[in-house]
Amino acid sequence: MVRWILIGVLSLALVGTGFWGYREHQEKNAILIQAENTYQRSFHELSYHMDLLNDQIGTTLAMNSTERLSPQFVEIWRLTSEALSNVGQLPLGLLPFNKTEEFLSEIGDFTYRTAVRNLEDSPLTEEETETLKQLYSQSGDIKDELRQVQHIALENNLRWMDVQLALANPDEQVDNTIIDGFRTVEKSVEGFTEANSQSSVIGRTSNDHKYKYLNGQEINEQEALDKSKEIFNVQNEDNLTIAESGEGSDVPMYSISYHNDEKRAYMDMSQQGGHPLSILVSRDIAQNQISLNEGAEKAQDYLKSFNLENMSLFQSSEYNNVGVYSFLYNEDDVRVYSDAVEVKVALDNGDILGLSTNNYYMNHTDRDLKEPEISAEEAKKMVNPNVDIQEEFLAIIDNDLGEEVLVYEFLGVLDNDTYRIFINAMNGFEEKVEKLDGTEINFAAN
C-alpha cells in the first residue's frame, strides 16, 4: 500500500515539475519573442528614418526660400534624434557602433545650429551648402547599406536574437550576416567622420574643452603634494595619495586624495601652474553657527587666495547646513556667465567643503567688450509686457550656437514665478528665458 502511495506522490511530483518547466519555457519564449519584436521594429524604423533623412537633406538642397529652410532643418534634426533612438534599442552593445552615432549627432548639431539662427540675415554660406551636399551623399550610402542588410535579413528570415547570441558568444558558428552588414556601415561612416572632421561647420575639433587660462610653470608631483598640504591644511603627507592623469584627459592634472578619521578630501590640480580645478571635502556637519551671508564672505576670501579676482556673487543657497555659492567674473560691470566658479562652505565653522573652477579656467580670456547698440529701455520692450522687471544687468552668455553674446539680463516676476530673461544688446533678439527655482538669489556685486 505504501509503495503505491509513494508511486502516486512521485508521479504527481513529476507531472508538477513538467508543468512548471513547461510554464517556464513558455514565459521564456514570450520574453524572447517580445525582445525579437522590439529589435525588428527598431531596425526597420532605423532604415525608414535613414530613408527620410536622406530625402529631407536632398530637399533642402533644392530649396530657395529661407522661410522654409528653418522648419526643414528642424525636421532633419528630429529625424536624426529618431534614428539615434532606434540605434540605442538594437542589441549592439558589444559591437562598436559609436562612429554611426557620432555621424548622426553631427548632422543633428549642424541642422539645429542652422535652424535657430536668422537665415534671412545670415543665409547659408558656400561652405555650409557644400557640407549639406556631403551629408546628402553620405546619408545616401548609409541608407543603401542598411537597405541591403534589411533585404538579406528578410529574405533569409534572420532573427535579431541570433545577433545578440553571436555578439555574446563570438566563438560560436552562427549566421553573422546582420553583424557583418553593420560593420560595413560602421566602416563607411568612419571614413565620413574623418572627412568631416576637417570642416569647421560640423567637425568637433581637438580645441574643444581646452583650458584657455591656465598659467604658470608646470609643477611636479612633490610640488603638487606641497600645495595640497596647504590647501587641505595638513602637516605631513602620511594620508595623502597622488596620481597623474592619463592620456585623453582634457588637461594634464594631478588627482590628490586625503583622509583621516574625521574627513575625506579629494582634489584635481592642473599640472600647469598648480591651480585647483575641483575640491571636495566630506565630513559630518554640525548645526549652523554662521549665516549664509557670512559663508558668502568666506567663499569670496577663499577665491581671492587663489588670485580669482573680480568675482561677484550670483546665487546662493543652503542645503543640510552647507552654503552653496556661485560666482561670475565681473568685467566693467558686465557679468560673464562662462567664467563661473562654485564654492561650498560648511555653516557650522566656515570650512571650505567644495570648489569648482573648471569653467573659469576653460573659458576665461581677455575679451574686447563692445558697447550695446540698443539701450536698456529698448531691450525692455522686447520682454513680455506681463513680466514685472525687478532688476537688470549687462552680461555675456553663450547663445544656442555656442557663441558669446552681450545681453541685457532682466530678472522679473510673472504669476508668482521668477524668470531670468536675456535680450541681445546688439539687435534686441530674445536669446534665452529661464525659470528660477525657489533658492535664494543674491545679486549684490562686490
Side-chain angles (χ1 to χ4, degrees), residues 66 69-70 73-74 77 108-125 127-128 131 199-205 207-213 310-315 326-342 357-385 387 389-412 418-436 441 443 445:
T66 55
L69 274 176
S70 287
F73 281 125
V74 171
W77 173 76
D109 290 343
F110 169 64
T111 52
Y112 176 78
R113 291 199 306 267
T114 309
V116 298
R117 86 173 189 235
N118 189 334
L119 291 173
E120 288 283 351
D121 297 334
S122 302
L124 290 177
T125 64
E127 183 182 6
E128 288 172 328
T131 296
S199 170
S200 61
V201 180
I202 65 173
R204 291 186 176 88
T205 68
N207 292 326
D208 289 346
H209 306 300
K210 284 286 186 68
Y211 284 69
K212 301 176 182 178
Y213 204 67
N310 301 322
M311 306 301 294
S312 61
L313 182 61
F314 159 64
Q315 181 171 298
S326 296
F327 293 84
L328 300 179
Y329 178 69
N330 194 311
E331 182 173 350
D332 297 330
D333 292 327
V334 178
R335 304 174 352 157
V336 183
Y337 273 76
S338 302
D339 301 357
V341 173
E342 289 76 39
T357 61
N358 279 284
N359 286 332
Y360 180 85
Y361 286 113
M362 191 180 292
N363 299 308
H364 186 65
T365 186
D366 294 328
R367 296 176 174 87
D368 182 18
L369 295 182
K370 299 179 180 179
E371 291 294 323
E373 294 187 4
I374 66 173
S375 67
E377 291 302 317
E378 290 173 315
K380 284 181 182 178
K381 295 178 182 178
M382 306 299 176
V383 177
N384 187 322
V387 175
I389 296 175
Q390 306 287 319
E391 296 181 80
E392 63 183 66
F393 309 90
L394 269 176
I396 291 176
I397 65 169
D398 288 350
N399 64 10
D400 289 334
L401 303 178
E403 303 165 337
E404 287 192 349
V405 292
L406 181 67
V407 296
Y408 286 104
E409 174 187 347
F410 298 107
L411 192 70
T418 304
Y419 295 87
R420 188 181 290 119
I421 302 165
F422 300 97
I423 303 297
N424 192 302
M426 298 300 174
N427 55 28
F429 179 74
E430 186 178 69
E431 295 286 353
K432 288 184 180 180
V433 177
E434 298 177 351
K435 182 177 179 295
L436 305 184
I441 306 299
F443 291 103

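Any value given below was found using the heavy atoms of this structure, including those in side chains, with hydrogens, waters and symmetry copies removed. The residues of the chain are indexed from 1 along the displayed sequence.
The aromatic ring centroids of F422 and Y337 lie less than 6.0 Å from each other.
The shortest heavy-atom contact between F410 and A376 is CZ-O, 3.8 Å. Minimum interatomic distance between N330 and S312 (heavy atoms only, all atoms of both residues): ND2-OG, 3.7 Å. Looking at every heavy atom in both residues, A340 comes nearest to N359 through O-CB, 3.6 Å. Across E431 and N399, no two heavy atoms sit closer than the pair OE1-CB, 3.4 Å. Here the closest heavy-atom approach between residue M382 and residue G428 is recorded as CG-O, 3.4 Å. Counting all heavy atoms, side chain and backbone alike, E128 lies closest to T125 at OE1-N, 2.9 Å.
The structure places OG1 of T418 at 10.5 Å from CD of E391, a figure rounded to the nearest 0.5 Å. Note: E342 CD to T357 OG1 = 9.5 Å, rounded to the nearest 0.5 Å. The OG1 atom of T131 sits 10.0 Å away from atom CG of L124, with the distance rounded to the nearest 0.5 Å. For the atom pair CG (D109) and OG1 (T111), the distance works out to 8.0 Å, reported to the nearest 0.5 Å. For the atom pair Y360 OH and D339 CG, the distance stands at 6.5 Å (nearest 0.5 Å). Atom CD1 of I421 sits about 10.5 Å away from atom CD of E409, to the nearest 0.5 Å.
Each of T365, I396, N363, N310 was checked for a side chain to side chain contact (heavy atoms under 4.5 Å, CB included) with V336, and the lone residue meeting it is I396.
Judged by distance alone, the side chain of N424 and the main-chain N or O of M426 form a donor-acceptor pair under 3.5 Å. Of the possible polar contacts, one joining the K432 side chain to the D398 backbone as a donor-acceptor pair under 3.5 Å is found. The closest donor-acceptor contact from the side chain of Y408 to the backbone of I374 lies under 3.5 Å. S375 contributes a side-chain N or O that, together with a main-chain N or O of E378, makes up a donor-acceptor pair within less than 3.5 Å.
The pair K380-E377 meets the salt-bridge criterion, since a charged nitrogen lies less than 4.0 angstrom from a carboxylate oxygen.
Taking the side-chain hydrogen bond (donor to acceptor under 3.5 Å, both in side chains) definition, one finds that E404 meets it with S338, R367, sequence neighbours left out. N358 meets the side-chain hydrogen bond (donor to acceptor under 3.5 Å, both in side chains) test with Y211; sequence neighbours excluded. Scored by the side-chain hydrogen bond (donor to acceptor under 3.5 Å, both in side chains) test, E430 finds no partners at all (sequence neighbours excluded).
The environment of E403 atom CD is dense: over 12 non-hydrogen atoms of other residues, nucleotides or ligands sit within 6.0 angstrom.
For the pair D333/L394, no side-chain contact is recorded, criterion being any heavy-atom separation below 4.5 Å from C-beta on.
The aromatic rings of F110 and F73 stand perpendicular to each other, their planes meeting at an angle above 60°, with 30° marking the opposite boundary.
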